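One structure is given below, encoded as structure tokens.
Nothing here was measured: the structure is a model prediction, and the numbers come from that model.
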Amino acid sequence: MAARTQSEAANTAVQRSPAEWRGPEMAARDDWIVRFTDAEAAEIEAAVEAGRHVDLVALDRQRFPLPSLGARLAEIAADVVEGRGFVLLRGLPVERWDRETSARAFYGIGCYFGVPVPQNRMGHLLGHVKDLGLDPADPDNRIYQTSARHLFHTDSADMVGLLCLQKARRGGLSAIASSTAIFREIEARRPDLAEVLCGPFHVDRKGEIPEGKGPTYELAIYHRHGGRITCIYARDFIEAAQRHAHVPPLTPEQVEAMDLLDDLANSDEFQLRMAFEPGDIQFLHNHQILHARTAYEDWPEPERRRHLLRLWLSTPNGRPLPEAFAERYGTVAPGRLRGGIRVPGQRLIAPLDA
């Protein structure tokens with residue numbers, strides 16, 4: 001009886017882990033929303049003005065001092081990595097700021113969460129999420145540069161941050177889900193498919209090829225490592241790899257496993273949706289959070305169209321990652337700069353527009 005009681009207690013502890021949450025539970029709470037006070041917004045603006053002479057890519061905590069707010073942001077960042085995996089910061093007055101002020105404020109805040117890493121072959125440390133009119137069916141295009149629905153996925157960095165400058169006319173909701181909670185559900189329902197997800201999948205690099213690497217690589221979607229469940233998943237990159245002659249067809253079991261993962265992430269039981277307002281910043285821990293976006297209809301006027309700024313961040317005190325991640329992250333050592341897209345001849349820049 002004692003052994004059973006201990007087992008039940010352990011199961012309860014697992015369910016109560018902050019990394020394992022479900023959509024309705026989070027929708028009923030608001031502790032994941034942090035609102036900047038007027039004084040904090042003024043402190044951010046003062047830091048922007050003090051660092052105008054510093055090139056954007058050279059900004060760091062020292063060059064973006066936040067004497068009062070900085071310690072609070074560092075605590076929030078630690079909670080994102082060690083806790084539920086996400087936060088929504090609200091209240092930046094981007095409506096009255098010009099583009100450079102908004103970009104500098106976002107970049108500077110991001111430096112309290114991690115070190116920016118390049119998001120594409122062009123070396124962009126500051127990304128732009130907006131519809132560029134690209135074809136979402138082209139495997140070389142990135143879905144975030146279209147208005148199409150973006151399926152649940154993770155990005156190739158420890159953390160991703162988004163700042164909303166302007167929202168769409170309709171749609172474009174952000175949706176997130178705990179990849180840990182989803183994996184536990186798959187283990188309970190279909191342990192055979194859980195093991196499939198822990199096996200290698202071929203992944204396309206979509207033309208962003210590091211020196212000495214090939215156009216595809218192999219990596220499992222789920223990893224049991226260091227007492228945690230770590231996820232890395234982008235189904236469109238897995239399916240894009242099927243165009244290469246050296247890549248074997250996906251097995252029926254792999255397709256079924258990804259279908260179940262997607263179905264759970266899209267269900268009301270697991271996903272949490274949020275509508276961005278101008279000035280909102282969302283930070284997500286990719287290793288435990290899947291994120292998606294609904295399709296959207298934009299404004300006809302170019303100056304009103306949906307526009308988010310994006311950061312990919314390497315967290316200085318990030319969770320230990322399995323060695324297999326080095327194929328995508330370059331290195332997996334915590335405290336080392338890891339993640340991002342790195343290709344020969346790349347120059348790091350932070351453009352103020354796409």
Side-chain angles (χ1 to χ4, degrees), residues 18 26-52 54 56 59-116 125-129 158-168 172-176 272-286 289 291 293 306-313 315-317 350 352:
M26 283 298 168
R29 297 161 46 180
D30 64 0
D31 56 333
W32 47 271
I33 302 174
V34 177
R35 292 175 174 82
F36 290 124
T37 66
D38 290 344
E40 289 170 337
E43 185 175 345
I44 293 167
E45 193 165 2
V48 169
E49 295 306 318
R52 287 275 185 192
V54 179
L56 193 54
L59 276 185
D60 54 21
R61 292 191 190 191
Q62 289 68 42
R63 295 181 179 90
F64 197 85
L66 297 171
S68 298
L69 179 59
R72 185 184 184 206
L73 290 179
E75 290 177 0
I76 293 170
D79 186 57
V80 169
V81 172
E82 299 296 336
R84 64 181 163 264
F86 72 98
V87 70
L88 183 69
L89 307 178
R90 178 158 277 173
L92 286 189
V94 297
E95 298 96 332
R96 64 175 177 81
W97 285 351
D98 61 23
R99 175 70 54 76
E100 182 178 357
T101 299
S102 297
R104 286 182 171 275
F106 178 46
Y107 200 101
I109 291 168
C111 289
Y112 286 82
F113 286 76
V115 179
L125 296 180
L126 181 69
H128 296 267
V129 179
D158 292 325
M159 195 180 294
V160 57
L162 293 169
L163 165 64
C164 178
L165 296 178
Q166 295 172 162
K167 60 182 183 178
L173 296 179
S174 170
I176 64 173
L272 170 68
R273 286 190 174 187
M274 59 187 81
F276 288 155
E277 295 296 329
D280 285 355
I281 298 177
Q282 180 194 69
F283 284 108
L284 307 176
H285 191 217
N286 277 302
I289 298 292
H291 62 282
R293 183 199 68 206
R306 185 181 189 269
H307 191 174
L308 309 181
L309 300 183
R310 186 174 71 173
L311 291 171
W312 280 7
L313 302 167
T315 53
N317 298 308
L352 294 179

Provide the closest heavy-atom pair for [X] versus [Y] in the form atom of the first, atom of the second, distance.
X: Val94; Y: Leu165; answer: CG2-O, 4.2 Å
X: Ala41; Y: Pro93; answer: CB-CD, 4.3 Å
X: Arg72; Y: Val34; answer: NH2-CG1, 3.2 Å
X: Ala275; Y: Leu173; answer: CB-CD2, 3.5 Å
X: Ala74; Y: Arg61; answer: CB-NH1, 4.3 Å
X: Cys164; Y: Glu277; answer: CB-O, 3.5 Å

Check: Thr101/Arg52 side-chain N/O donor and acceptor closer than 3.5 Å: yes
Going from [atom1] on [X] to [atom2] on [Y], what distance comes out if it is rounded to the nearest 0.5 angstrom?
X: Leu59; Y: Phe106; atom1: CG; atom2: CZ; answer: 12.5 Å
X: Leu88; Y: Arg35; atom1: CG; atom2: CZ; answer: 8.5 Å
X: Gln282; Y: Arg310; atom1: CD; atom2: CZ; answer: 12.0 Å
X: Ile176; Y: Met26; atom1: CD1; atom2: CE; answer: 8.0 Å
X: Phe36; Y: Ile44; atom1: CZ; atom2: CD1; answer: 4.0 Å
X: Asp158; Y: Phe113; atom1: CG; atom2: CZ; answer: 14.0 Å

Do [X] and [Y] make a side-chain contact, defined as non-hydrogen atoms from C-beta onward lying under 4.5 Å apart?
X: Leu162; Y: Phe276; answer: yes
X: Met159; Y: Val81; answer: yes
X: His291; Y: Asn286; answer: yes
X: Val80; Y: Thr315; answer: no
X: Ile109; Y: Ile281; answer: yes

Test side chain to side chain contact (heavy atoms under 4.5 Å, CB included) applied to Trp312 and Val160, step by step: CA-CA 5 Å; Trp312 280 7; Val160 57; 3.8 Å; yes
Stepwise side chain to side chain contact (heavy atoms under 4.5 Å, CB included) test for Leu66 and Glu40: CA-CA 9 Å; Leu66 297 171; Glu40 289 170 337; over 6 Å; no
Main-chain N/O of Leu352 paired with Arg99 side-chain donor or acceptor, under 3.5 Å: yes
Donor-acceptor under 3.5 Å (Arg63 side chain, Val54 main chain): no
Whether Trp32 and Phe86 hold their rings parallel, tilted or perpendicular, with breakpoints at 30° and 60°: tilted
Pair Leu313-Val115, side chain to side chain contact (heavy atoms under 4.5 Å, CB included): steps then yes or no: CA-CA 5 Å; Leu313 302 167; Val115 179; 6.0 Å; no
Phe64/Tyr107 under side chain to side chain contact (heavy atoms under 4.5 Å, CB included): CA gap, chis, key distance, verdict: CA-CA 9 Å; Phe64 197 85; Tyr107 200 101; over 6 Å; no
Greater than 12 external heavy atoms within 6.0 Å of Asp31's CG: yes
